[in-house]
Protein chains: 2
Amino acid sequence: MFFHFKDRFPKLNTYWDKYLPFQKRVEAPAKTVLLQEGKISQHYIFIEKACVRTFFNNNGDDKTVQFFFENEGLSSFDSFMNSVPSSFTIETIEPSVIYLLPKQYVTQLIDELSHEPDFAQMILQMTSRRQMHYINEFVSIIRDTPEQRYQLLLTERPHIVQRVPQHYIASYLGVSKVHLSRIKSKLAKGKLRF
Amino acid sequence: MFFHFKDRFPKLNTYWDKYLPFQKRVEAPAKTVLLQEGKISQHYIFIEKACVRTFFNNNGDDKTVQFFFENEGLSSFDSFMNSVPSSFTIETIEPSVIYLLPKQYVTQLIDELSHEPDFAQMILQMTSRRQMHYINEFVSIIRDTPEQRYQLLLTERPHIVQRVPQHYIASYLGVSKVHLSRIKSKLAKGKLRF
DNA sequence: GCCGAACGATAACATATGTTATCAAGTTCA
DNA sequence: TGAACTTGATAACATATGTTATCGTTCGGC
């Protein structure tokens with residue numbers, strides 16, 4: 001969350017350095033639950049090595065919301081900030097190396113940063129990006145067909161297609177795994193034409 | 001955006017009072033474009049009386065993203081904050097009374113507020129809410145059928161169904177207006193059973 | 001090496017949704 | 001008032017997508 005802004009707001013750099021040591025390194029196998037839907041988020045998560053997904057359960061059916069990779073940080077934002085039960089589960093897809101920063105330190109860090117005028121700018125930048133991300137996802141769903149969305153994944157975020165099992169991608173695209181298989185098959189046939 | 005937080009952070013109240021006079025009152029008929037897709041947002045918009053929608057154009061086809069009503073404020077956030085072309089058009093649905101606060105004052109206001117430790121907290125609250133809103137919309141689309149989404153509108157935001165023409169609601173739900181008509185018809189028949 | 005689980009493709013059928021066209025009622029405005 | 005526009009319903013047909021089931025492959029653990 002915050003550590004990505006190292007060097008972009010140099011005045012704040014000392015804060016990052018001060019809190020990095022409080023992170024706890026964890027090695028976890030694939031399919032490890034880092035935060036269970038319904039529980040209150042207690043850590044900020046930073047990914048050193050892995051692929052992670054967030055999803056929620058709907059009538060026994062997983063709905064994948066987002067994927068995260070190396071050098072990305074995440075939390076169940078609402079749960080973390082407002083101490084409410086998380087709407088999502090966070091789970092590793094691959095064997096992983098992650099760092100956990102307990103909430104108390106994040107809270108403390110935010111309190112300290114509140115006195116820095118640059119902090120407000122940083123938050124505005126950070127949150128406007130997250131917001132744009134979610135708006136873009138939203139827009140993509142109501143504008144594009146699942147086939148178009150899959151092609152966008154292929155061209156713009158190919159690492160997802162390469163590393164993530166297909167049924168997770170299907171649930172992310174909002175279609176059944178059977179239909180995603182059909183889409184792939186159709187695209188493959190299209191490429192074969194000459 | 002900010003004025004909703006009056007009294008929630010009392011230390012910041014004087015700032016709101018100081019900038020309110022810079023707002024410009026505007027009366028506009030229905031279907032007035034307040035911000036054109038592709039243009040850079042120059043004002044923060046506050047709605048005194050009206051129903052407003054944001055949408056984008058996709059191959060000549062409107063896709064409605066969100067509705068706003070009395071006492072709500074909005075801007076094309078990314079465009080406003082980062083001075084990039086807006087992805088959305090903002091348009092009145094009804095004859096309206098709105099207030100426009102020019103961007104320069106908002107920027108100035110933010111600069112002043114940056115020195116207030118409470119401001120960071122306010123932004124975190126504000127943005128976590130917006131973020132939750134978009135996440136919820138996102139989740140609703142991938143979890144619920146259009147019929148379920150329409151029923152949610154009926155029960156949780158009936159004012160939208162009452163005041164907004166049906167084809168806008170259809171484009172918001174992500175279905176054709178014909179299909180929304182079918183959904184309504186189906187629900188009506190369901191209610192008639194005994 | 002074996003076995004079960006995870007993964008992915010495909011078929012067959014049912015349902016949901018889009019597209020186009022037509023009709024009717026209400027509204028606006030000259 | 002009359003014409004044009006907006007709104008909404010409905011029918012008929014085409015297409016997209018879900019569901020269920022089956023099959024083959026791969027992969028990790030024992």
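Chain naming here is simple, since letters A, B, ... match the order of the sequence lines and numbering starts at 1 in each. Computed from a predicted model, the values in this text were never measured in an experiment.
Side-chain contact check for B:Phe56 versus B:Ser87: every heavy-atom pair is 4.5 Å or farther apart. Annotation: side chain of B:Val106 is in contact with side chain of B:Phe80 (closest heavy-atom distance under 4.5 Å).
Rounding to whole angstrom units, CG of residue A:Leu187 and P of C:dA9 are separated by 12 Å. If you measure from atom CG of A:Leu173 to atom P of D:dA16, you get 16 Å, rounded to the nearest angstrom. Atom pair A:Lys31:NZ and C:dA5:C1' shows a separation of 8 Å (rounding to whole Å applied). We find that CD of A:Glu94 is positioned 15 Å from C1' of D:dG28, with the value rounded to whole Å. The separation between B:Lys184 atom NZ and C:dA16 atom C1' is 19 Å, rounded to whole Å.
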For nucleotides 17-24 of chain D, 5' to 3', base contacts (B), sugar-phosphate-only contacts (S) and non-contacts (-) with protein non-hydrogen atoms under 4.0 Å give BBBB----
Applying salt bridge (Lys or Arg N to Asp or Glu O under 4.0 Å), run through A:Glu147 and A:Lys186 and close with a yes or a no. CA-CA 9 Å; A:Glu147 180 175 329; A:Lys186 182 182 167 190; 2.9 Å; yes
Residues A:Tyr19, A:Gln108; criterion side chain to side chain donor-acceptor pair (under 3.5 Å); working and verdict: CA-CA 10 Å; A:Tyr19 280 89; A:Gln108 201 175 312; 3.2 Å; yes
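Salt-bridge formation is detected for the pair A:Glu94/A:Arg163: a Lys NZ or Arg NE/NH1/NH2 atom is positioned less than 4.0 Å from an Asp or Glu carboxylate oxygen.
Applying the ring pair (Phe, Tyr, Trp, His ring centres under 6.0 Å) test to every pair with at least one member in residues 157-181 of chain B, sequence neighbours left out, gives these pairs: B:Phe67-B:Tyr172, B:Phe69-B:His159.
Ring geometry, B:Phe22 versus B:Tyr105: the interplanar angle falls under 30°, so the pair is classed parallel (tilted spans 30 to 60°).
OP1 or OP2 of C:dA9 sits under 4.0 Å from a side-chain N or O of A:Gln166.
Remark: B:Glu72 CD to B:Ile98 CD1 distance equals 14.0 Å, nearest 0.5 Å.
Over its length, the helix from C:dG1-D:dC30 to C:dA30-D:dT1 turns its helix axis by 50°, as judged from the five terminal pairs at each end, rounded to 10°.
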